[in-house]
Number of protein chains: 2
Amino acid sequence: MKHSSVQETVEFIGTELSATLEDYLECVAMLAAGQRVVRVKDIAKSLGITMPSVSAAIVRLREKGLIDSEKYGYIELTPQGAALAERVCRKHSFLADFFHGVLRMDRKSANSEACRLEHHLSPEACRQIYRLVEFHRDQAQSETPWTGELREILDEKPLSELKEGDRAVIRRVAVEGALRKRLVEMGFRKGEKVRVVRYAPLRNPLELELKGYHISLRVEEARGIIVRQVGDEPEEE
Amino acid sequence: MKHSSVQETVEFIGTELSATLEDYLECVAMLAAGQRVVRVKDIAKSLGITMPSVSAAIVRLREKGLIDSEKYGYIELTPQGAALAERVCRKHSFLADFFHGVLRMDRKSANSEACRLEHHLSPEACRQIYRLVEFHRDQAQSETPWTGELREILDEKPLSELKEGDRAVIRRVAVEGALRKRLVEMGFRKGEKVRVVRYAPLRNPLELELKGYHISLRVEEARGIIVRQVGDEPEEE
DNA sequence: AAATAATGTTAGAGAAGCCTAAATTTATGT
DNA sequence: ACATAAATTTAGGCTTCTCTAACATTATTT
């Protein structure tokens, strides 16, 4: 067991960044890691923001001594900027681990979740989540019973939330009465495998494959069928 | 034949609120629950914001049809406002449960954490956290291994983070070399009980009680002593 | 080496939210 | 009842962050 890495040696001076500026900083760091040079255009594209806005943000970051750049030139992080960005990135990355690894959201959602949350978490909450993630990883490796149990719970979702092409195993039909009976008669039973063939243009109805047959279902009906998605890709949920 | 039973009754129209407005709405709901009438002054005090700002926010909420109020009069939620507020409150409350119950932060921190996060969590993330909280509660009742083990990990904190009057049990001394030797010789050993008597004006040094003796320690030194806080109050961490 | 394209910056405006100071309205005390 | 106190709103200003349009610079093409 290791518990050395979380040493928060942070000497917080006065660098309180707004959520927005933190985003810019993180973005610059990410881009810098992947390319030789970072330019306004890259940031703008990556954040989905216009270049003038980026320009302005860069000025603000430069005033805070976090970024070093010349007019019309490349953008670089100062040592302080890099240090801060690294902290933000670490936060982002284990938050993403939390959402993906522990909460079993797909990588993309987990990432965007982390993006939005990272600016609002207190250091203490960060630490606790970090520990939870580590604990979970340790436990998952040794395949303790509760990991599986938890996973089963977390992986449940209504059939209506799958995307086109997704495959899943039915866990239960969570409605009662006539509709339940109808669904069960159609073959929606626990353990059965199902695949989403495609959604109609307005997302309703959706076409499914079940036991080799194609079936159309209204989204409202599909909502009552609780499934466990079966991963196609190794990395995906 | 009708099968409307599955209908998710929430028909999200276009009520996308900013984080700030969500806060106001939630605040109004909370106050309304605890008092007969809600007034600008109450909101201002509760959110730590000046009355003119509240006034302006109320106008914005009224324009969105979430609040009903007359000039210089009381403030009430419309049915839609109440519905939305209730959703926000539910989110808040299980998030607080997550931070307090699962992550073992004290109630107050857990609450403020929930406050800041609730506006930025996607519905999916909410759902997963909700499930995790429920799972945790189930497990905690039957005292399964993971609850206890996880709790031990989550409850660890450096001695330097305790507040005056807090009591704790030492879990380990997480430094090496001469300092470690010195601390151990002073009596800081695993299982020993310790109490924070008080901090000096500048938070350094801090005065401790250990085995009936009073000891002064520099904060930097105390950081190396990992303890598990012992709750005084039933509700506290 | 121009002319053109791509990239970056300035200028100006607008929305959200916050503030203080100055009315205005409602409540309260004698 | 009327003067004062309290609560509320209005007015006006500030900051952050965004945008579009116009201008400036650098890069590329011919």
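Note that the coordinates shown come from a computational prediction; the quantities given were computed from them, not determined experimentally.
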### Residues touching DNA chain C, which here means a heavy atom under 4.0 Å, drawn from residues 112-120 of chain A
none
### Query
Hey, is the side chain of B/K71 poking within less than 4.0 Å of OP1 or OP2 on D/dT10, counting only N and O atoms?
yes
#### Entry: Nearest heavy-atom neighbours spanning A/Q229 and A/R167
CG-O, 3.4 Å
### Task
Starting from C1' on C/dA16, measure out to CD on B/E63 and report it in whole angstrom.
13 Å
### Query
So does A/E124 pair up with B/K157, basic N to acidic O under 4.0 Å?
no
### Query
Over how many whole Å does the gap from A/E70 atom CD to C/dG8 atom P extend?
14 Å
### Message
Give me the atom names and distance for the closest heavy-atom approach of B/A85 to B/L77.
### Response
CB-CD1, 4.3 Å
### Query
Between D/dT25 atom P and A/Y74 atom OH, what is the distance in whole Å?
18 Å
### Query
When you check the gap from the basic side-chain N to the acidic O, do A/E207 and A/R198 get nearer than 4.0 Å?
yes
### Message
Could you work out how much the helix from C/dA1-D/dT30 to C/dT30-D/dA1 bends, comparing the axis of its first five pairs with that of its last five, to 10°?
### Response
0°
### Task
Please report the closest heavy-atom contact between A/A44 and A/M51, naming both atoms and the distance.
CB-CG, 3.9 Å
### Message
Check the phosphate of C/dG17 against B/S18, side-chain N and O only, distance under 4.0 Å to OP1 or OP2. Yes or no?
### Response
yes
### Summary
Sequence neighbours excluded, the answer for side-chain contact (heavy atoms from CB on, under 4.5 Å) partners of A/R39 is A/D42, A/Y74
### Query
Which ones in residues 19-40 of chain B lie close to DNA chain C, meaning a heavy atom under 4.0 Å from one of its atoms?
B/T20, B/Y24
### Message
Run the side-chain contact (heavy atoms from CB on, under 4.5 Å) test against A/N204 and tell me which residues pass, sequence neighbours left out.
### Response
A/R218, A/V219, A/E220
#### Entry: Within residues 41-54 of chain B: residues closer than 4.0 Å to DNA chain D (heavy atoms)
B/K41, B/M51, B/P52
### Euclidean distance, atom CD of residue B/E16 to atom C1' of C/dA16 [Å, nearest integer]
16 Å
### Task
May I have the distance from A/Y72 (atom OH) to C/dG8 (atom P), rounded to whole angstrom?
10 Å
### Task
Could you tell me how the ring of A/H120 sits relative to the ring of B/H120: parallel (under 30°), tilted (30 to 60°) or perpendicular (over 60°)?
parallel
### Query
Just by modelled atom types, is the B/M105 backbone N or O under 3.5 Å from a matching donor or acceptor in the B/H100 side chain?
yes
### Query
Atom CD1 of B/I58 to atom P of C/dG17: distance rounded to whole Å?
13 Å
### Summary
On a heavy-atom basis, the closest approach of B/R116 and A/S122 is NH1-N, 3.7 Å
### Task
Would you name the heavy atoms of B/G65 and B/Q80 that are closest together and state the gap between them?
O-OE1, 3.5 Å
#### Entry: side-chain contact (heavy atoms from CB on, under 4.5 Å) partner of A/L66, chosen from A/I58, A/L25, A/L21
A/L25
### Task
Taking only Lys NZ, Arg NE, NH1 and NH2, and the carboxylate oxygens of Asp or Glu, determine whether B/K91 and B/E22 approach each other closer than 4.0 Å.
no
